[in-house]
Amino acid sequence: MHWSDVMAQRLAQRGDKHIVATGITPSGEFHIGHLREILTGDMIARAARRAGMDAELVFVVDNADPLRKVYPFLDESYEAFIGHQLGSIPAPNDEGKPDWDRFNNEGWSYGDHFLQPFLEALRQIGVVPRLLPNLEAYQDGKFSKAAKIACDNPAAIREIIERVSGRELADDWFPWQPLDSKGSLDGLTITGYDYPLVHWTDCHGESGSSNIEKGEGKLPWRLDWPAKWGFNHITCEPFGKDHGAAGGSYDTGKEIALLFGHEPPAPLTYEWISLKGKGAMSSSSGNTVGPMEALRLVPPEILRFLVANSKPSKAIEFDTGMGLVNLADEYERLTARDFDAEMTEENLSRRKLVQLEDAKVALALSSVDEQDVASSTSISFRHMALLAQIKPKDEDVWTSLRDSGSLTEPTPQLKDRLKRMRAWIASEHFPEDMRVNICTAPDKEAIQALTDEQRLVLLHLNQTLVEADWTTDGITAAFKAAGEAAEVGMRDVYRACYALFMATERGPRLAPILSNCERGAILELTQASTGA
RNA sequence: GGGCCUGUAGCUCAGUCAGGUAGAGCGUCGGACUUUUAAUCCGAUGGUCGCGGGUUCGAACCCCGUCGGGCCCGCCA
């Protein structure tokens, strides 16, 4: 059974109405690791709906979290905002400096700045969750009930955290973090509690009171999380493995949730996505591929497939090079198969059946449109990569595909794919192995590997190419003429040509490529080969 | 120190929850197609399931141990 169905089955035992939560702190540029969080939630919700339940996906924006440090992309003036909540400080402008104008006029915050592009990426990938901004939830008093229970029972909370996490809390620890005189959550000392006020002194020598019902502070993360489960009625939540560890925040959270008076959600721990060869994705180190960048290169359904086809417990290595080609081609091949028919075959082993089922579900989950079943484009990623390189104009690509009978009219999906393909080819991520490279000088080794007859072809080619019309047909005719003159078959002609032009034994059809190359350079290359 | 995830074919991984003859895709090799847009089709190839014990008629799967990789137990998803 596919992992999303396993999860749906678990949910079915709890009830038939579900809210699947995801949550991210908008502290910096979002990356595809965050995409796994959202897509995992999205796929669970889809699986639940497929199983006949009512399921909604929500996205908690943790903009009540404080700025932890001055990241490399920030101006040092952000030093003053450390400890301040992400939803209440200005966004960085192009130079990394606080953009006060937008903040004052439009209320454009640090959190908004990083959230917006991510939401756009989500839309493209077919995920439109209900947003739950956390800072606003505090200000609206949604945390009041849980905050009161926590502040009324600090000993009980402390006991849970210390026992479950095995960590000792400071003597002056209190289950509420007030905002200080400057708006920071750091460096305060709690001096007393009088519902609904938490009294404090800060590091500036000021003192004051924080109303826990009005968002004048927040719950520490280990309480904040279970509190949200309650008033948002969360029944399921996938989260990164950091939260899933024994003694981690889910473990303490599920006990604290009971204290707050509700059941913890069904958990699902997922592994990180790392960048192939570059280690874990991290916003602060700049070692990221942003969702927008990824989507510029990769069709959304392929990105979905990557997540759908990997069990959550498996770490994913995101490879923007050959790995992507293989992934996309596997996806293409799967769309062309008829799983229902294959599953009715006799003598299917249980193992094989499981494999077919999982592939079928993963494919369905990869579709950007939930109602839509992925249709086969019957054009492999490889092939498209080749055409995009050979044909600078889109129309020529479609003509070529029409001629080979693989298409009548390009669908919007295909046009979209070609657009992304061109971006990919132009980027640093495009693998060298896939690049069509025409030699600038004869490759001696490749030419020496030819037979005498084949080398003879090159000699004649020198002549026939000079006389050729510089078009696909003209060049093809020149190849043929050279073969006839050398009295060898076309197989030898092509062997010789690939050795000369690409230093390979085989390759894509040469004539169309050469017709797009500069004639003089090719003739020069041919001439030089006869001396080699 | 405590815990979680992970190790299966050259590669990417299924299969472990319900023990019953080791699976898929890619790759590689061969053949076909009398020029193949790195194509397509067909066929073949391929694994002491990290290692050692135990339970069992039977273990990739359950139990114990051990080694390697990743990670968590800090108010950092």
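Values below: all heavy atoms of this structure, side chains included; hydrogens, waters and symmetry mates excluded. These figures come from a predicted structure and were not determined experimentally.
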On the 0 to 90° scale, with breaks at 30° and 60°, tag the A/His243-A/Trp225 ring pair as parallel, tilted or perpendicular. tilted
Should the ring pair A/Phe381 and A/Trp424 be called parallel, tilted or perpendicular, given that the plane angle runs from 0 to 90° and is split at 30 and 60?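 Ring orientation of A/Phe381 relative to A/Trp424: tilted.
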What is the per-nucleotide protein-contact pattern of nucleotides 29-36 of chain B, from the 5' end, where B denotes a base atom under 4.0 Å from a protein heavy atom, S denotes such proximity for sugar-phosphate atoms only, and - denotes neither? ----B-BB
Straight-line distance of A/Asn309 CG to A/Glu330 CD, nearest 0.5 Å: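 The CD atom of A/Glu330 is 6.0 Å from CG of A/Asn309, to the nearest 0.5 Å.
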Under 3.5 Å side-chain donor-acceptor pair for A/Trp470 and A/Ser515: no
Rounded distance (Å) that lies between atom [atom2] of [N] and atom [atom1] of [X]:
{"X": "A/Lys241", "N": "B/rC72", "atom1": "NZ", "atom2": "P", "result": "7 Å"}
{"X": "A/Glu332", "N": "B/rU40", "atom1": "CD", "atom2": "P", "result": "12 Å"}
{"X": "A/Asp242", "N": "B/rC73", "atom1": "CG", "atom2": "P", "result": "7 Å"}
{"X": "A/Ile161", "N": "B/rC73", "atom1": "CD1", "atom2": "P", "result": "14 Å"}
{"X": "A/Ile160", "N": "B/rC73", "atom1": "CD1", "atom2": "P", "result": "19 Å"}
{"X": "A/Phe239", "N": "B/rC73", "atom1": "CZ", "atom2": "P", "result": "13 Å"}
{"X": "A/Ile273", "N": "B/rG70", "atom1": "CD1", "atom2": "P", "result": "19 Å"}
{"X": "A/Glu317", "N": "B/rG69", "atom1": "CD", "atom2": "P", "result": "16 Å"}

Mind checking if [X] touches a base, just sugar-phosphate, or nothing, with heavy atoms under 4.0 Å?
{"X": "A/Leu510", "answer": "nothing"}
{"X": "A/Arg435", "answer": "base"}
{"X": "A/Ile24", "answer": "nothing"}
{"X": "A/Tyr270", "answer": "base"}

With rounding to whole Å, what would you report as the distance between [N] and [M] at their [atom1] atoms?
{"N": "B/rG65", "M": "B/rG3", "atom1": "P", "value": "10 Å"}
{"N": "B/rC4", "M": "B/rC64", "atom1": "P", "value": "11 Å"}
{"N": "B/rU12", "M": "B/rC17", "atom1": "P", "value": "25 Å"}
{"N": "B/rG23", "M": "B/rU16", "atom1": "C1'", "value": "14 Å"}
{"N": "B/rA38", "M": "B/rU28", "atom1": "C1'", "value": "15 Å"}
{"N": "B/rU36", "M": "B/rG50", "atom1": "C1'", "value": "43 Å"}
{"N": "B/rG10", "M": "B/rC51", "atom1": "P", "value": "13 Å"}
{"N": "B/rC62", "M": "B/rG20", "atom1": "C1'", "value": "14 Å"}

Check the interface with nucleotides 3-11 of chain B: list each N/O to N/O pair with the protein under 3.5 Å, or write none.
from  : atom 1 : to       : atom 2 : distance (Å)
B/rC5 : O2'    : A/Ser313 : O      : 3.1
B/rU6 : OP1    : A/Ser313 : OG     : 3.4
B/rU6 : O3'    : A/Lys314 : NZ     : 3.3
B/rG7 : OP1    : A/Lys314 : NZ     : 3.2

Between the protein and nucleotides 23-26 of chain B, list every N/O to N/O distance that falls short of 3.5 Å.
from   : atom 1 : to       : atom 2 : distance (Å)
B/rG23 : O2'    : A/Gln355 : OE1    : 3.1
B/rG23 : N2     : A/Gln355 : NE2    : 3.2
B/rA24 : O4'    : A/Gln355 : OE1    : 3.4
B/rG25 : O2'    : A/Arg333 : NH2    : 3.2

Residue whose closest nucleotide on RNA chain B lies nearer the 5' end, A/Asp186 versus A/His383: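 It is A/His383 whose nearest nucleotide is closer to the 5' end.
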What I want to find out is whether A/Glu332 reaches A/Arg417 closely enough, with some N-O distance under 4.0 Å, to be called a salt bridge.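 Salt bridge between A/Glu332 and A/Arg417, a charged N being under 4.0 Å from a carboxylate O: yes.
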Between A/Lys314 and A/Glu271, is there a side-chain N and carboxylate O pair less than 4.0 Å apart?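 Salt bridge absent between A/Lys314 and A/Glu271.
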Counting N and O atoms only, with roles assigned by atom type, does the side chain of A/Arg158 sit under 3.5 Å from a partner on the main chain of A/Asp171, one being a donor and the other an acceptor? yes
Measure from the side-chain N and O atoms of A/Trp3 to the backbone N and O of A/Ala308, and report whether any donor-acceptor pair falls under 3.5 Å. yes
Defining pairs by Watson-Crick or G-U wobble geometry with both distances under 3.5 Å, how would you list the stems of RNA chain B with at least three pairs each?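 Stems for RNA chain B, defined as runs of 3 or more consecutive pairs: B:1-7 with B:67-73, B:10-13 with B:23-26, B:27-32 with B:40-45, B:50-54 with B:62-66.
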With A/Phe59, the side-chain contact (heavy atoms from CB on, under 4.5 Å) member among A/Ile38, A/Val127, A/Asp42: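 Running side-chain contact (heavy atoms from CB on, under 4.5 Å) over A/Ile38, A/Val127, A/Asp42 with A/Phe59 returns exactly one hit, A/Ile38.
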Please say which of A/Leu132, A/Leu219, A/Val60 ends up in a side-chain contact (heavy atoms from CB on, under 4.5 Å) with A/Lys228.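 The option that passes is A/Val60.
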Evaluate whether atom CD of A/Glu168 has more than 12 neighbouring non-hydrogen atoms of other residues, nucleotides or ligands under 6.0 angstrom away. no
Would you say CD of A/Glu487 has more than 12 non-hydrogen atoms from neighbouring residues, nucleotides or ligands within 6.0 angstrom?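 For A/Glu487, atom CD is not crowded (no more than 12 foreign heavy atoms under 6.0 Å).
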Write out all pairs satisfying ring-ring contact (aromatic ring centres under 6.0 Å, His included) with one or both partners inside residues 487-516 of chain A, taking only residues at least two apart or from two chains.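 Qualifying pairs: A/Phe479-A/Tyr494.
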Show, in sequence, the C-alpha distance, side-chain angles and deciding distance for A/Ile24 and A/Glu37, and conclude whether the side chain to side chain contact (heavy atoms under 4.5 Å, CB included) test is met. CA-CA 8 Å; A/Ile24 300 170; A/Glu37 161 106 10; 4.3 Å; yes
Could you tabulate the donor-acceptor pairs under 3.5 Å formed by side-chain atoms of residues 355-363 of chain A, not counting sequence neighbours?
from     : atom 1 : to       : atom 2 : distance (Å)
A/Asp358 : OD1    : A/His2   : N      : 2.9
A/Lys360 : NZ     : A/Asp340 : OD1    : 2.9

